[in-house]
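First the proteins, then the strands, lettered A, B, ... as listed; each starts at 1. The figures that follow rest on heavy atoms only: side chains count, while hydrogens, waters and symmetry mates do not.
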Amino acid sequence: MRISTSKLAIGCSLLAVLATAPAAFAAKSVLEIAIPAELSGSGATVGVLWRDGVMMGIEDVNAKGGIRGHKLHGTAYDTQTNPAVSRAVIQKALDGKPFAVLGPVYSGSVIVDEALTQKAGITEIMGGEAGNLTAQGDPTLFRTSLGQAQTIPPLISYLKDTVHAKSVGASYVNDDFGKAGNVLFMADAKKAGLNVTTDISSEAGQVTFQPDLLKMQAAKTDAIFLYDHEEEVARFLKGFRQMGMKAAIVGGSTVADAQAIKLSQGAADGAISFAGIASSSPLPAIQNFVKRFEAKYKTHPDHNAIKGYMAVAMLQAGVDKEGKASAKGLAAALHGLTITPDKYPLIMTPMKVLANGDIDNGGYLIQVKGGKAVVLKYVGPK
Amino acid sequence: MSLFVQVLISGLAIGAIYALIATGFSLLSQGSQTVNFAQGDFVVVPAFVILAANSYGLPIWASFIVALVVAALVLGILFKRLMVDPILPHGAMQLSIATMALSIVLQNGMLNADGAQAFPFPGINGGMHFGTIFIDWQSVSILLAAVAAVVALNLFMGRTRIGRAIQASAQGPQVARLLGINVARMVTITFVLNAALVTLAALLVSPIYLVKFDNGIGIGLAAFSAAIIGGFNQVRGAVVGGLLLGVVQNFAATFGPTQYRDAVPMLLLIIFILFRPQGLLGRAEERRV
Amino acid sequence: MNQPHRVLPLALGLLLVAGLAGSLLQPYEVYLISLWAVYTISALGLNLTLGFAGQISLAQASFVGFGAYATALLLPHGVPFGVTLVIGAAISFILGILLGFPALRVQGHYLAFVTLALATIAFLVFRNESWLTHGTSGIDKIARPFPFTSGVAYMWLCLGSLALVTLGVWWLLRSPWGRAFLALRENPVRAASLGIDVRTYTLLAFAIGAALGGVSGALFAPLGQYIEPSEFALPLSFSLLLMVVVGGSGTFMGPFLGAIVSVALPEVLRSLQDYYLLIYGIIVILLLVFSPDGVVGIIARAVARLRPAAAPVEPTP
Amino acid sequence: MSVVLEARDLHRHFGGVKAVNGVSFAVEEGEILGVIGPNGSGKSTLFNCLLGQIPPSAGQVLLDGQDVTGMKPLELNRRGVSRTFQLLQVFPQLSARENLILAGQEHIGSRMKRLFGKSDAGLTDAANHMLEQFKLSHVADLLAGGLSYGQQKLLDAAMAFMAGPRLVLLDEPAGGVNLSLLGSFRERLRAMNAQGGSTFVVIEHNMDFVMSLCTRVMCIAEGKVIANGKPDDVRNDPTVIEAYLGH
């Protein structure tokens, strides 16, 4: 049973030719999409969904014939929720000359990536929400959702004008997401004349929120501004209800997120949040997406999956605006663009891309009622 | 005053869980010099098993029994056979490092199998107000169950033949062998006991903590600290250490700077190791010469 | 593989090959090689502390952090990179001495826990003292020192630094200090009876290991050009410890090989996507079961088998 | 002749057990004092008290007339006290020569010189000389762990002499050494004593070895000195015989 190496080599090359043959008949080149995401480490909660959202978007676009005849091919890279690794994988991605970069989500990783994609002139559409990300003046960096600078002010107005809170307690998770939100909230609250009496830092993965709650209870604030991840929100709110506390709960989009509602087992009722597009948004397109995603990945998509999905639509619209699939002109084409679902179903709701890379696709003032997120007010793109 | 009592009670409840996990941790280190850095992840594994069994329609108590069996087999016997037995001869530190690797394996295994999302876990709702003090049934049940488990364990260790044989094996394997005790089997039982303790801890902590692939990190750190504070070589010490840690942590988070709340157990740990390495209840060990 | 004088050419040769290869490869590989060099410096430090002096430390990541923050914070003030590197190393050296004090009282697992606790506290300081460290938002746009601004040039800087560190460690290990470290690890009581000042050498073992962590941090900051506290938390300490153990604790080449495995494995296992960390963990466990002296042990045994006439390979502890 | 080491009414109690119970003796320069006694008589505890391994409960230890009671082993070593242990304590991963260099390196030059100076601290010649003295030259480059037990025992003893000590305490140097080596071992120790001018205290069970090596022998039983004098006198002392037979 000895096969000479030369025969083996010939066999292999024949196979390779056969395998690549269909590609030769394809009319147009495949657009390579690099997807750096937090697939392991503490950010896996968001990164995995982001990647799945992007992948699903790519499939949907390819099923409709791709973008201007180009099929898309996505390659995911694990940043391990670690900027140093993120820097490595984005370099790997850029070495492969991708058409665009979709991701990552965590601020640190975005900041590291953004410097390199900008230098390479590659458009990066990412999932980060921290306020500082688009403040750097990077012309090739885009968000897929409202930033904190867009979502926090409506909540401050709500606390001031609707709750008429005389005193507010703030609870935030002390990581890049929560701290950035807290800093913004504290500054804006001060400007608005809101009286924040307690400001409590918590840890991601904190076992119990009892001390935090007791502190809030002792401070007797009218309202609590809660800025934390879904599972910590759930822990906080369960304790809050059990202790029979009465303060109004107002918080970041996670407070009224489907995952937090599910985990808190009813305790989230009454919580108010201002959120960009999320899985609880009462849009038929979104709800249809949620169903399809759940069927495909056997897990509930949060806003990160939706953001990833919409990122593909932004790509589509950008290329169409350019008139051809060119990586260089993509970013310029995206600035100032308005993307509508009638032309780009993946965008699901109209989105305006602003000059600094922020986007505006509207948001909802939401209240959790009976285990469901109910829209109090829709604020469309300005 | 009511704040004080409230902080104390919730501290005891969370401390009781630390105590359970720390007790298992001490058992292993006593019985087989296994310092298990994956102990926190050992709590998350049975939590997922309970959820899985529950999702197939089993009631929670039956799911718990399924998890007990799975944990005893995988986290008890397999862990001992496949990791501890081959690596311990190379050194206790080598084994500890291997458990760090095991922690990576378990966390990423759960991440791949169950996803990155947290899962809700059935628990006991409600509670009662005593004046201004509120006591929730979940905390009460945790305290009761943990205390019952530890008392039962102590009775088992002190009053039964097997229990005494386990203690003898841990204290002096050679002597125990001379007395005709099957030391290897006693060590295996220790591992199974640890598996049972973490499974119980999973049942108790998950309603509060939820179930997520990386939950073991925080809870494991707390359990190590509790074990050392109480006294590494004393099973009873782990209980006192756990309760003390839970209470101190709660008080620090309530009255201290919250940004540094995680520093408190660490400071406690450092102080104990440096100034009372035998822990609160532990016997002074002969210094290594 | 344990005797530094025999393998020094091997180590330096490896660096040269890595550099030459990097110069021909894509920026990604260049970055990986730089990262490997940086991690190796840190792992060499930890290997001195753990492998040669026998003192376990789970705080090596904190020292990388001190070095990284010193450089990232001082560079914008016009302090030259060489100076920031020395300052970072000096800070780590001094704090390393402090870390060594617990080791005078406790050993083994207790020491592991004390260093773990201190590392946790160091991370909290990095994160919370944002007036100094910029907290969770991190420090961005850290400039690379002229003329090492390009990826390849910076890689050579990292490799050059690693070469210097390698020479330094080699010198140290064959000096009386290296002998004293080994004596400290193997038998502190006997060492003391021979006039070896166990206390001072223990502190030095920590301080030198920490200082190398600081050096590696100083190189790390301008490499990624961005740092944030979570990079210097416990996972990095564990990862560095695993590098030392996987490579072969207490062997000269161990850190080089351990860091290669850690940096290159995700690349090798890329086709397995989400599973590589899982597989990495399993590989570490298998190594500890079958080759407690790590990759170096495997290679040494293979070499011994190929050259049966050669001197038998000494066992590593 | 001056007194090198003196113990004054040393006590060491472990709970109720009086392991050392009022031991006094003096060792003069150049002497080889043998310490014998039945198992559990307190010899090892006495050694540990003398060497700072454990502090005595009461009493004094004087070195060259200076009080060194409770002084740490390292400090005593700096003052020229050297020792071997009952169990083998060579460094198996170093070569025989390296073991000797290690034993001498901390006694010459400054710490900085030890880092930046020569890797052998200038001790290769001294080590080679010592290897020759102990008939170990042929195994100089082998790892100590690979030597025979007798060779390791010789190396262990040789290490005690590397720093040119004033006083050497040997804990069962002949233990486990096979008969054929014993004679030459004894000669080595004699020669070291003669040429180095150092003073020895030797704990030993092998009576023949003690009697032929030592200039004076002291017997300890139940924590007390029961005989102290010329080897032959002690050997024939009825209390000594009683102490050995009585147990």
Side-chain angles (χ1 to χ4, degrees), chain A residues 37 39-44 47-48 51 75-97 106-116 118-120 130-133 135-136 138 172-184 201 203-204, chain C residues 25-36 38-39 64 68 120 123-124 127-128 130 134-143 150-151 217 220-236 239 262-264 266-267 269-278 280-281:
Chain A
L39 302 182
S40 62
S42 57
V48 171
R51 176 200 59 190
T75 307
Y77 301 87
D78 183 8
T79 70
Q80 298 176 25
T81 324
N82 177 341
V85 178
S86 181
R87 167 101 186 194
V89 298
I90 194 69
Q91 191 68 66
K92 165 93 179 167
L94 290 175
D95 288 356
K97 308 251 178 301
Y106 268 51
S107 309
S109 297
V110 171
I111 291 171
V112 163
D113 288 4
E114 160 269 317
L116 289 178
Q118 179 181 3
K119 213 160 124 201
N132 53 347
L133 294 177
Q136 319 250 351
D138 175 352
Y172 67 99
V173 58
N174 203 337
D175 61 11
D176 58 343
F177 156 78
K179 182 73 186 176
N182 178 261
V183 168
L184 219 86
S201 146
E203 302 292 334
Chain C
L25 292 166
Q26 295 282 320
Y28 166 64
E29 281 88 5
V30 170
Y31 179 86
L32 277 194
I33 292 170
S34 315
L35 198 61
W36 167 71
V38 169
Y39 282 152
V64 179
T120 306
F123 159 72
L124 289 175
R127 186 193 69 180
N128 293 344
S130 47
H134 303 208
T136 51
S137 52
I139 302 175
D140 190 14
K141 298 193 170 44
I142 301 165
S150 78
F220 179 84
L223 174 62
Q225 304 188 284
Y226 170 82
I227 55 170
E228 61 166 31
S230 67
E231 293 183 273
F232 311 111
L234 277 180
L236 178 61
S239 166
S262 171
V263 171
E267 194 48 32
L269 299 180
R270 183 165 301 286
S271 56
L272 295 164
Q273 286 278 350
D274 303 353
Y275 292 94
Y276 72 88
L277 271 174
L278 184 76
Y280 179 60

Who wins among [options] for the most heavy-atom pairs under 4.5 Å with chain C?
options: Leu116(A), Asp175(A), Val48(A); value: Asp175(A)
options: Pro83(A), Gly108(A), Gly96(A); value: Pro83(A)
options: Arg87(A), Gln91(A), Lys179(A); value: Arg87(A)

Looking only at heavy atoms, what is the nearest atom pair of [X] and [Y], with distance?
X: Tyr276(C); Y: Asp78(A); value: OH-OD2, 3.2 Å
X: Tyr31(C); Y: Ala84(A); value: OH-O, 2.8 Å
X: Ile111(A); Y: Tyr226(C); value: CG2-CD1, 3.6 Å

If you round to the nearest 0.5 Å, how far is CD of Glu203(A) from CZ of Arg127(C)? 4.0 Å
To the nearest 0.5 Å, what is the distance between CG (Leu133(A)) and CG (Asp140(C))? 10.0 Å
Name the member of Gly224(C), Ser34(C), Pro27(C) that forms the most heavy-atom pairs with chain A at distances under 4.5 Å. Pro27(C)
[X] side chain near [Y] side chain, heavy-atom distance below 4.5 Å:
X: Asn132(A); Y: Ser137(C); result: yes
X: Gln225(C); Y: Val112(A); result: no
X: Asn128(C); Y: Asn174(A); result: yes

Under a 4.5 Å heavy-atom cut-off, does chain A meet the side chain of [X], its backbone, both or neither?
X: Leu223(C); answer: backbone
X: Glu228(C); answer: side chain
X: Leu124(C); answer: side chain

Please flag which part of Ala88(A) lies under 4.5 Å from any non-hydrogen atom of chain C: side chain, backbone, both or neither. both
Is the NZ atom of Lys141(C) crowded by more than 12 outside heavy atoms at less than 6.0 Å? yes
